[in-house]
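FYI, side chains are in, hydrogens and waters are out, and symmetry mates aren't considered; it's all heavy atoms of this structure.
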Amino acid sequence: QVQLVESGGGLVQPGGSLRLSCAASGNIFSIYTMGWYRQASGKQRELVAIITNFGDTRYADSVKGRFSISRDNAEKTAYLQMNSLKPEDTAVYYCNLQIRTFGGGDYWGQGTQVTVSS
């Protein structure tokens, strides 16, 4: 019933910036957490950043000071602003939405490729 669609990925030079968007559709309760995860080739999926319904955020140590997560509750959309990108940031980035009320669940987007290379 919930669908997530990511956009904004692509190829960027080291030190450059990208902004990812995640648009949610369907029946979504007002209390939910959104986040971004990434998975590089041959590695496990890892948390990048999450943001609560109240705007509280958490980041992986590897992206602190470079990435910023935000959300627009009216539009049911989350964003990930990525600055000072490094080759090690190369991965498929996945959007996640977790409904934090009774009967809720976890939902995932299809993923968007981010490649940081000269």
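- Contact annotation: the side chain of Leu20 approaches that of Met82 to within less than 4.5 Å [non-hydrogen atoms, C-beta and beyond].
- By the 4.5 Å heavy-atom criterion applied to side chains, Tyr79 and Ser68 are not counted as neighbours.
- Between Leu18 and Val114 there is a side-chain heavy-atom pair separated by less than 4.5 Å.
- With sequence neighbours excluded, the residues forming a side-chain contact (heavy atoms from CB on, under 4.5 Å) with Val92 are Tyr94, Gln113, listed by chain and number.
- Annotation: cation-pi pair Arg45/Tyr37 present, NZ/CZ under 6.0 Å from the ring centroid and within 45° of its normal.
- Both tests pass for Arg71 against the ring of Tyr32: distance under 6.0 Å to the centre and angle within 45° of the axis.
- One finds the CE atom of Met34 at 10.5 Å from the CG atom of Asp72 (value rounded to the nearest 0.5 Å).
- Contact of the Trp36 side chain with the Cys22 side chain is registered, since non-hydrogen atoms from C-beta on lie closer than 4.5 Å.
- Judged by distance alone, the side chains of Gln81 and Asn83 do bring a donor and an acceptor atom under 3.5 Å apart.
- Using a distance-only test at 3.5 Å, with no hydrogens or angles considered, no donor-acceptor pair links the side chain of Gln3 to the main chain of Gly26.
- Here the side chains of Phe67 and Leu85 are in contact, with some heavy-atom distance below 4.5 Å.
- Annotation: the span from Arg58 atom CZ to Leu47 atom CG amounts to 7.0 Å, rounded to 0.5 Å.
- Under a 3.5 Å cut-off, the side chain of Thr90 and the backbone N or O of Glu88 do not form any donor-acceptor pair.
- Remark: the Gln39 side chain and the Gln44 side chain contain no N/O donor-acceptor pair separated by less than 3.5 Å.
- We find the CG-OG distance between Leu11 and Ser118 to be 9.5 Å, quoted to the nearest 0.5 Å.
- A salt bridge between Lys64 and Asp61 is present, with a side-chain N of the basic residue lying under 4.0 Å from a carboxylate O of the acidic one.
- For the pairing with Ile51, the side chain to side chain contact (heavy atoms under 4.5 Å, CB included) check across Thr33, Leu80, Ile69 returns one residue only, Ile69.
- Residues Lys86 and Arg66 meet the side-chain proximity criterion, which asks for heavy atoms closer than 4.5 Å.
- Note that OG of Ser25 is 12.5 Å distant from CD of Glu75, once rounded to the nearest 0.5 Å.
- Across Ala91 and Arg38, no two heavy atoms sit closer than the pair CB-CB, 3.8 Å.
- Here the straight-line distance linking atom CD1 of Ile50 with atom CG of Leu97 works out to 12.5 Å at 0.5 Å rounding.
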